[in-house]
2 protein chains.
Amino acid sequence: MKQQHFNQPIEECDLSLSSLFKHLTPEEVEKIILEKTQSSYKKGTYIYHEGNRITGCYLVMSGILKIFKTGIDGKEQIIRFAKPFDIIGFRSVLSGELACTTAKTLEDSTLCYIPQESLFYLVKNNGNFSLELLQLSCRELGEANEYITDIAQKTVRERLAEILIHLKENFGLDGDNVLQISLTREELANIVGTATESVIRLLSEFKSDNVIEINGRKIKLLNYKALVKIANFN
Amino acid sequence: MKQQHFNQPIEECDLSLSSLFKHLTPEEVEKIILEKTQSSYKKGTYIYHEGNRITGCYLVMSGILKIFKTGIDGKEQIIRFAKPFDIIGFRSVLSGELACTTAKTLEDSTLCYIPQESLFYLVKNNGNFSLELLQLSCRELGEANEYITDIAQKTVRERLAEILIHLKENFGLDGDNVLQISLTREELANIVGTATESVIRLLSEFKSDNVIEINGRKIKLLNYKALVKIANFN
DNA sequence: TCTCATACATGATAAATTTCATATTATTAC
DNA sequence: GTAATAATATGAAATTTATCATGTATGAGA
């Protein structure tokens, strides 16, 4: 799939939808609105690449992205997902480092680009914004620590159950208890940190145990408590 | 070992030694100096515990601490170490969450406690300090992402080699190429995310291959390039 | 609707790693 | 200094997980 994007001059992105921007003064909002650019991207588009310098961050207005690092033999390690009103890319902009991850859309998405100058301006001039952003990065750091411990100590089976729970909590279920985010087995493997075949086998196992029901990439949670138990006790 | 600490009224901790505080105005320095408390702690003392609320952060003036999470069956997962002029505990203070890790001294240490009120005051009133702290947490986030990918994708052997390199880079070598930080095999296992026996076996293997020399907990790096090769290619 | 590429599935190994058992050796506390 | 405790070491077996091989199903694009 080719990378594509096109400006959307009509529906302007509403910054106030992100809790991060709630403390801005009207003047600051005015300033940022002039500096930001909203664009839409087709599914499968790369927003930025690991190792590149990035010049701003993106506020997700619609769609879902995967944020991943490329490890051994090009194997992706998915670090997290971004969904509407999440902000991505700010880590590299603020630390002044090259992007440590790649961001790719999993669905058609609309992002609002905020140039680094605007971001630095707000950080320096609005203590509340700065604190909010600091809190965001601290929460992400806590999640990363949790992730490290899980990968290091839990079995693949436990981690897979945990990821299903995590996906439910972050993206929700439709009316029929089906996970609203749909990932390939390979992508699931790239979150869990295992081989694709292992995910396939374990999902079949969960299915045999009536914990989930599988229909292609649609995963229906039949027994949430059992899943929690698998994730925590085995 | 019992937890102990005692105030040190004489040698006042010099904040300017930490790059984090370099942007403070003389008035801010004056204010913080009145609010902070310096204490010394014996080796093996817990500074804060995972799950507790903490009321301030600590600037390490001397000594080394391990920062870890407690996972399955009480097995520790070491997330990182803190050495002089590192700041610890700020993540939980700023995010307003409970401590997500436990901090324990590995040597007799001196810490400078900075109450959360002082920290918040600086974040809100000094944009440069705030940016500096934001950059710190963003850098830590980048390191955490790296760690996640390594644990998920590399073998235990590769990760152990990598940790030895990491310890060399962070704590240095003495005149005889011996790592200046001395850890038990169990602690090494708790960084790598493996069983203690595996670390013992792999260290013996590195020794047989003349990559390191072992003398109790002293690890001498004989062939750094070989170590880098093991960490990256196997 | 056909076709090609990709994703999914499953069995059979192979490899890596853990666990358990048991000595031996250091450290620490008294 | 000595006893008690914790850490290190190593073998054998068990377990988990990855890899390889192969076949089927599915879906996107012509």
Side-chain angles (χ1 to χ4, degrees), chain A residues 1-2 4 42-45 66 71-77 106-108 150-161 163 182-208 212-219 230 234, chain B residues 1-4 42-45 66 71-77 104-108 150-161 163 182-208 212-219 230 233-234:
Chain A
M1 177 115 35
K2 288 284 180 302
Q4 298 182 22
K42 287 268 177 210
K43 171 179 174 177
T45 308
K66 64 174 172 181
I72 319 299
D73 308 318
K75 186 173 162 65
E76 293 178 4
Q77 179 62 38
L106 288 181
E107 304 176 345
D108 291 356
D150 283 348
I151 296 189
Q153 301 199 352
K154 292 189 170 183
T155 63
V156 171
R157 185 186 161 83
E158 290 164 346
R159 270 140 59 197
L160 179 59
I163 290 302
S182 131
L183 300 169
T184 65
R185 306 289 191 268
E186 188 180 8
E187 282 166 338
L188 282 170
N190 292 344
I191 313 171
V192 172
T194 188
T196 306
E197 294 96 323
S198 297
V199 166
I200 291 171
R201 269 180 252 268
L202 287 166
L203 284 180
S204 301
E205 218 173 292
F206 289 172
K207 184 181 160 188
S208 306
I212 62 170
E213 205 172 283
I214 307 177
N215 199 306
R217 282 174 205 164
K218 294 290 172 195
I219 297 176
I230 294 171
N234 194 3
Chain B
M1 179 115 33
K2 288 285 182 300
Q3 290 181 38
Q4 297 183 22
K42 287 267 177 210
K43 172 179 173 177
T45 308
K66 62 174 171 182
I72 320 298
D73 307 319
K75 186 174 163 62
E76 294 178 3
Q77 179 62 39
K104 188 177 182 182
T105 54
L106 288 181
E107 304 176 345
D108 292 356
D150 282 349
I151 296 189
Q153 301 199 352
K154 291 189 171 183
T155 64
V156 172
R157 185 187 162 82
E158 291 164 346
R159 270 140 58 199
L160 180 59
I163 290 302
S182 130
L183 300 169
T184 65
R185 307 290 190 266
E186 187 179 7
E187 282 166 337
L188 283 170
N190 292 344
I191 312 170
V192 172
T194 188
T196 306
E197 294 95 324
S198 297
V199 166
I200 291 171
R201 269 181 252 269
L202 287 166
L203 283 180
S204 301
E205 218 172 293
F206 289 172
K207 185 181 160 189
S208 306
I212 61 171
E213 205 173 283
I214 307 176
N215 198 306
R217 280 171 209 166
K218 295 291 172 195
I219 297 176
I230 294 171
F233 307 103
N234 194 6

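Keep in mind that this is a model prediction, so the values were computed, not measured. Only heavy atoms go into these numbers, but all of them, side chains included; no hydrogens, no water, no symmetry mates.
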Visitor: Taking only N and O in the side chain of B:Thr196, is any of them less than 4.0 Å away from OP1 or OP2 of D:dA7?
Guide: no
Visitor: Does OP1 or OP2 of C:dA7 have a side-chain N or O of A:Thr184 closer than 4.0 Å?
Guide: no
Visitor: Let me know the distance between CG of B:Leu203 and P of C:dT25, rounded to the nearest Å.
Guide: 19 Å
Visitor: When rounded to the nearest 0.5 angstrom, what is the spacing between OG1 in B:Thr155 and CZ in B:Arg159?
Guide: 7.5 Å
Visitor: Distance-only, no hydrogens or angles: does the A:Asp108 side chain make a donor-acceptor pair with backbone N or O of A:Lys42 under 3.5 Å?
Guide: no
Visitor: Is the phosphate of D:dA18 approached by A:Ser198 (side-chain N or O, under 4.0 Å from OP1 or OP2)?
Guide: yes
Visitor: Using 0.5 Å steps for rounding, measure from the CG atom of A:Leu202 to the CG atom of A:Leu188.
Guide: 11.0 Å
Visitor: Do the side-chain N or O atoms of B:Arg185 get closer than 4.0 angstrom to the phosphate oxygens (OP1, OP2) of D:dA9?
Guide: yes
Visitor: Would one find more than 12 heavy atoms of other residues, nucleotides or ligands at under 6.0 Å from atom NZ of A:Lys207?
Guide: no
Visitor: To the nearest 0.5 Å, what is the distance between CD1 (B:Ile214) and CD1 (B:Ile200)?
Guide: 9.5 Å
Visitor: Enter the distance from A:Leu183:CG to A:Leu106:CG here, rounded to the nearest 0.5 Å.
Guide: 6.5 Å
Visitor: Give a yes/no on whether any side-chain N or O of A:Arg201 is located under 4.0 angstrom from OP1 or OP2 of D:dT16.
Guide: no
Visitor: Just the rounded figure in Å: distance from P of C:dA7 to CG of A:Leu188.
Guide: 13 Å
Visitor: Once you round it to whole Å, what is the distance between P of D:dA28 and CG of A:Asp108?
Guide: 13 Å
Visitor: What's the CD1-P distance between B:Ile200 and C:dT17, to the nearest Å?
Guide: 16 Å
Visitor: Nearest whole angstrom, please: distance from the P of C:dT25 to the CG of B:Asn215.
Guide: 15 Å
Visitor: Once you round it to whole Å, what is the distance between P of D:dA7 and CG of B:Asn190?
Guide: 11 Å
Visitor: For B:Glu197 and D:dT8, what is the distance between atoms CD and P respectively, to the nearest whole Å?
Guide: 11 Å
Visitor: Going by side-chain hydrogen bond (donor to acceptor under 3.5 Å, both in side chains), A:Asn190 matches just one of A:Lys75, A:Lys66, A:Gln77, A:Arg185. Which one?
Guide: A:Lys75
Visitor: Ignoring backbone atoms, test whether B:Ser204 places a side-chain nitrogen or oxygen under 4.0 Å from the OP1 or OP2 oxygen of D:dT10.
Guide: yes
Visitor: Could you write out DNA chain C as dot-bracket? Rules: Watson-Crick or G-U wobble, both distances under 3.5 Å, brackets [ ] for crossings, | for pairs with another strand, dot for unpaired.
Guide: ||||||||||||||||||||||||||||||
Visitor: Using whole Å, what does the distance between atom P of nucleotide D:dT10 and atom CG of B:Leu202 come to?
Guide: 12 Å
Visitor: Between A:Arg159 and A:Gly216, name the one whose nearest nucleotide on DNA chain D is closer to the 5' end.
Guide: A:Arg159
